[in-house]
Each structure stands twice: as C-alpha cells, then as structure tokens.
Amino acid sequence: FKKGRRSGANALMLRYTPIAEPTVMEKFLLQGQKKHLCTKEFSHPIPWQKIEAEGLDCDYAMLFPKGEADDLFSQLEEEVVYSTGEESKVQVFGKMYNIPRKQAAYGDKGLEYTYSGVTRLACSWTPTLEYIRDSVTTATGQTFNFVLINRYKDGQDHMGEHRDDEHELDPSCPIASVSLGAARDFVFRHRDARGKHSSRHIEPVKLELAHGSLLLMNPPTNTFWYHSVPVRRKVLSSRINLTFRRITEKTRWSQ
DNA sequence: TATCGATCATTCGT
DNA sequence: CACGAATGATCGAT
C-alpha cells in the first residue's frame, strides 16, 4: 500500500492505493490510520471493522449517527425518483419479471450506465445525495461519479446473488454501500463455493447492515465473491441502500 | 440476478 | 423435554 497525499479538509485523512499485497505490519498501520478518519472536520473518529476472507476485503463502519441517518432517510423518501414501468423490469431465463425492489440511478451530468443490457442516462445529483456522497469521500478518500439506489420496502423485497458488472466499473475503485432504514442481512459467497458440485468449500460471509452504516467493498472482493440481500420475512419496514461507484469515463457523452 | 418447487433448518405447540 | 407440525431459509433447475 502506498500512503497518499493529505487532504486540505482534514490533515489526518490519508489515501491508500492497493499496489501489492500489504505486509502484516502495513495492514496494522493502515487500520490504525483509518481509525482516525473523520466524517467531517473536527468530528470524532470512525471505528472501522475489517472483514477479510480469501479474496475478500471489506471495511465496515457507522457513518451517520442515528438522528442524522433518520433525517437522511426521510429526505431520500421525499426526493428520490425510482424507475417505473419497463425500466423496473428485468429478463431472466427468457421471462420478464418486476424486480423485487425499487431502483434509481444518479450521477455526474451526462453519465450513462447500463443495467440489464439497456443503457440510460443517470439523473443528476440531489443535495442530499451530494451530502452523502461527500461524507463517504471524506471517510474513505475515494471519489465517486455514480450511485445506484435500491429501496427494499420490507423483508420480502430482496436482491439475488450477483457480482457487480466489472467492465463498466473502474476495477481499482472500491464500491461504497450506505444503508439507511431497516437493517438487512447481506451475504457474500465465494464464486468457487457455489452450485451443485463446487470445486471448494468456503463458508459464506454474512453481515447485518445497520441504519447509517457504510460498507466498503475493496478490490478484489467483487471479482471472487457474489453478494445478495436475502428475503427476511420478519423485517417489516423499508431500507434504502446507496452503492457509490466510479464508472469508467469512456461511456460519457457517447451520444 | 428472477421465480419456483424441493429440501433443509428452525421455531412452535402440545 | 420430546416429538411432530408449521414456518422460514437455502438450493437447484429454468
């Protein structure tokens, strides 16, 4: 790992870029430094939790205290416009289905993204989304040009196992997942440990994503591990999840 | 990355 | 506590 430049907003903020497998000592130093990152100037440090497995590298922290998370949740409930009609359907094994949740996509002006084979323009950032995006940037040192929003109205809404589309994403950029509202289970499964007779036995990694939390999925996590938000019948209230990404620039303004 | 039916697991009720 | 039933979670086929 390479220590990066300081940020003007926060002298304690460090950037890090994975350039090789870190040594044990480097991992230790990195964790210590990340614990001093702040959500805003002169704020308290965030305690980070490291989640690691073979080819999996995540960082988990509470980004927003409950009161602020409550406010952000209700603001997003007012502001966010979700896809409807054809845009909220998906084709799997030849059949069309309504996706079992609501989705929206926001990003830099003119940014295009592809979902289930169709390319569309992202909506432009709202002030609330910019605030959350900038909070994630301050906490992580990573910048993002796009956010995919998924709204799960209750425990019946879910998302099946998948990896995020790699060729449209910058593979060196972590994916930052912010959760607001009802806590939901989140399950990682290694690609070699799925299916009828999988080549290896690797235990799934299961997390609960809390109200106001941030989960950073660092490379190469998305290469080796599928993730899902399974059905949980006992969950009765809604959750909004925002996954901030960096989409490759070549798709911009492509008429 | 969707649904469905089969199967496995957990909780419930007596 | 034991045991079967009911409910819920997971898996494989499509």
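All values below were derived from every heavy atom in this structure, side-chain atoms included, with hydrogens, water molecules and symmetry-related copies excluded. We name chains A, B, ... by the order of the sequence lines, and we start the count at 1 in each one.
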- Item | For A/Arg184, the option from A/Leu209, A/Val229, A/Leu207, A/Asn241 that meets side-chain contact (heavy atoms from CB on, under 4.5 Å) | A/Val229

- Apply side-chain contact (heavy atoms from CB on, under 4.5 Å) to A/Leu76 and A/Leu242, showing your working. CA-CA 11 Å; A/Leu76 291 179; A/Leu242 307 97; 4.1 Å; yes

- Between A/Arg232 and C/dT10, is there a side-chain N or O to OP1/OP2 distance below 4.0 Å? yes

- Task: Send over the distance from A/Asn98 CG to B/dC4 P, rounded to a whole Å.
- Result: 12 Å

- Distance in angstrom units between A/Tyr226 OH and C/dG12 P, rounded: 14 Å

- Ignoring hydrogens and geometry, is there a side-chain-to-backbone donor-acceptor pair from A/Ser124 to A/Lys109 under 3.5 Å? no

- Do any side-chain nitrogens or oxygens of A/Arg233 fall under 4.0 Å of OP1 or OP2 in C/dT7? no

- Message: Using the rule side-chain contact (heavy atoms from CB on, under 4.5 Å), only one of A/Asp165, A/Val147, A/Asp164, A/Asp170 pairs with A/Arg245; which is it?
- Response: A/Asp164

- N-O pairing of A/Arg200 and A/Glu54 below 4.0 Å: yes

- Task: Find the distance A/Lys234:NZ to C/dA6:C1' and express it as a whole number of Å.
- Result: 13 Å

- Task: Round to a whole Å and report the spacing from CD of A/Glu161 to P of C/dT14.
- Result: 19 Å

- Query: side-chain hydrogen bond (donor to acceptor under 3.5 Å, both in side chains) with A/Asn150: which of A/Arg101, A/Arg239, A/Lys102?
  - Reply: A/Arg101

- Options B/dT3, C/dG8, C/dT10, nucleotide nearest the side-chain atoms of A/Pro100: B/dT3

- Message: Does C/dA9 have OP1 or OP2 under 4.0 Å away from a side-chain N or O of A/His158?
- Response: no

- Query: A/His211: what forms a side-chain hydrogen bond (donor to acceptor under 3.5 Å, both in side chains) with it, not counting sequence neighbours?
  - Reply: A/Asp70

- Scan residues 178-191 of chain A against DNA chain B and write down, sorted by residue number, each residue with any heavy atom closer than 4.0 Å; if none is found, say none. none

- Item | Polar side-chain atom of A/Asn145 near backbone of A/Ile247 as donor-acceptor pair, under 3.5 Å | yes

- Item | DNA chain B contacts made by residues 80-96 of chain A, counting heavy atoms under 4.0 Å | A/Val90, A/Val92, A/Phe93

- Query: Between A/Lys50 and A/Asp57, does at least one N-O distance fall below 4.0 Å, as a salt bridge requires?
  - Reply: yes

